[in-house]
Engineer: 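My structure is below; once you've seen it, I'll send some questions.
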Amino acid sequence: GIQATLTPDLSIALGSNGIPMMEIIGAYAVMANGGRSVHPYAINRITDKDGRTIYERMALSPGQPMFSPRALHDLDLMLRTVVAQGTGRA
């Protein structure tokens, strides 16, 4: 979820608070991951000039459920509907 400190005012719905990109990615990725939490990352592996692995990201266990299947379905439907019938555009 979002860990950034958010100012509690009405303009928050308009994006008045700054949220780090990795937190936004993590929040939206939950939907693409079947409602399970996601720990976004940017680097899979680091190698030296000879190709030796210096760092490799370890696989994490599946994330915790964040949404019920019904809630995930409803959220997906809302997002699709605003593009198909509302003011949102693809």
Side-chain angles (χ1 to χ4, degrees):
I2 302 297
Q3 301 296 316
T5 302
L6 304 176
T7 306
D9 59 46
L10 296 177
S11 66
I12 194 170
L14 301 174
S16 64
N17 286 269
I19 299 174
M21 184 59 67
M22 292 301 268
E23 288 189 28
I24 294 172
I25 291 167
Y28 278 99
V30 169
M31 292 180 277
N33 197 34
R36 294 187 162 276
S37 62
V38 175
H39 303 283
Y41 58 93
I43 298 173
N44 284 329
R45 179 176 47 233
I46 299 172
T47 56
D48 65 13
K49 65 179 182 167
D50 298 318
R52 291 182 296 237
T53 300
I54 297 171
Y55 165 82
E56 188 161 12
R57 181 177 184 274
M58 293 175 49
L60 297 174
S61 61
Q64 297 296 317
M66 304 300 286
F67 291 103
S68 69
R70 176 66 187 184
L72 187 61
H73 172 268
D74 290 348
L75 179 58
D76 183 65
L77 183 60
M78 284 187 277
L79 292 171
R80 289 175 187 272
T81 301
V82 76
V83 172
Q85 300 174 8
T87 59
R89 298 286 177 252

Engineer: What pair of heavy atoms forms the shortest contact from Y55 to I43, and how long is it?
Structural biologist: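 What the structure gives for the nearest pair is CE2-O, 4.1 Å.
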
Engineer: Atom CD1 of I46 and atom OG1 of T53: how far apart are they, to the nearest 0.5 Å?
Structural biologist: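 Result: 10.0 Å between the selected atoms.
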
Engineer: Strictly by salt bridge (charged side-chain N to carboxylate O under 4.0 Å, His left out), give each pair with a member in residues 60-73 just once, sequence neighbours left out.
Structural biologist: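 Output for this query lists R70-D74.
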
Engineer: Check A4 against G18 and note the closest heavy-atom contact, atom names and distance.
Structural biologist: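 So the two residues come closest at CB-O, 4.2 Å.
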
Engineer: For L60, look at atom CG and say whether over 12 heavy atoms of other residues, nucleotides or ligands are found less than 6.0 Å away.
Structural biologist: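 More than 12 heavy atoms, drawn from other residues, nucleotides or ligands, come within 6.0 Å of this atom.
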
Engineer: Within the supplied structure, the quantity of interest is the number of heavy atoms (other residues, nucleotides, ligands) at a distance under 6.0 Å from R80 CZ; does it exceed 12?
Structural biologist: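 Atom CZ in R80 is not packed in, count stays at 12 or less.
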
Engineer: Please determine whether residues I19 and I25 belong to a single hydrophobic cluster, defined as Ile, Leu, Val, Met, Phe, Trp and Tyr linked transitively by side-chain heavy-atom distances below 4.5 Å.
Structural biologist: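 Different clusters.
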
Engineer: Can you tell if the side chain of L72 reaches within under 4.5 Å of the side chain of V30, non-hydrogen atoms only?
Structural biologist: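 No, every pair of side-chain atoms sits at 4.5 Å or beyond.
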
Engineer: Donor-acceptor pair, distance only, cut-off 3.5 Å: does the side chain of E23 make one with the backbone of Q3?
Structural biologist: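 Yes, E23 side chain to Q3 backbone: donor-acceptor pair under 3.5 Å.
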
Engineer: Can you establish whether the number of heavy atoms outside L10 located under 6.0 Å from its atom CG is more than 12?
Structural biologist: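 Atom CG in L10 is not crowded, with 12 or fewer foreign heavy atoms closer than 6.0 Å.
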
Engineer: Starting from M22, can I reach L6 by hopping between I/L/V/M/F/W/Y residues whose side chains sit under 4.5 Å apart?
Structural biologist: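 No, L6 does not connect to M22 through the hydrophobic network.
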
Engineer: Are M66 and L75 co-members of a hydrophobic cluster defined by side-chain heavy atoms under 4.5 Å apart?
Structural biologist: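 Per the 4.5 Å side-chain linkage, L75 and M66 are co-clustered.
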
Engineer: What side-chain hydrogen bond (donor to acceptor under 3.5 Å, both in side chains) pairs are there with at least one residue in residues 5-21, not counting sequence neighbours?
Structural biologist: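 Output for this query lists T7-N17, D9-S11, S11-S16.
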
Engineer: Using the side-chain hydrogen bond (donor to acceptor under 3.5 Å, both in side chains) rule, collect all pairs that involve residues 31-42, keeping only residues at least two apart or in two chains.
Structural biologist: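 Counting only pairs at least two positions apart or across chains, the side-chain hydrogen bond (donor to acceptor under 3.5 Å, both in side chains) contacts touching residues 31-42 are Y41-N44.
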
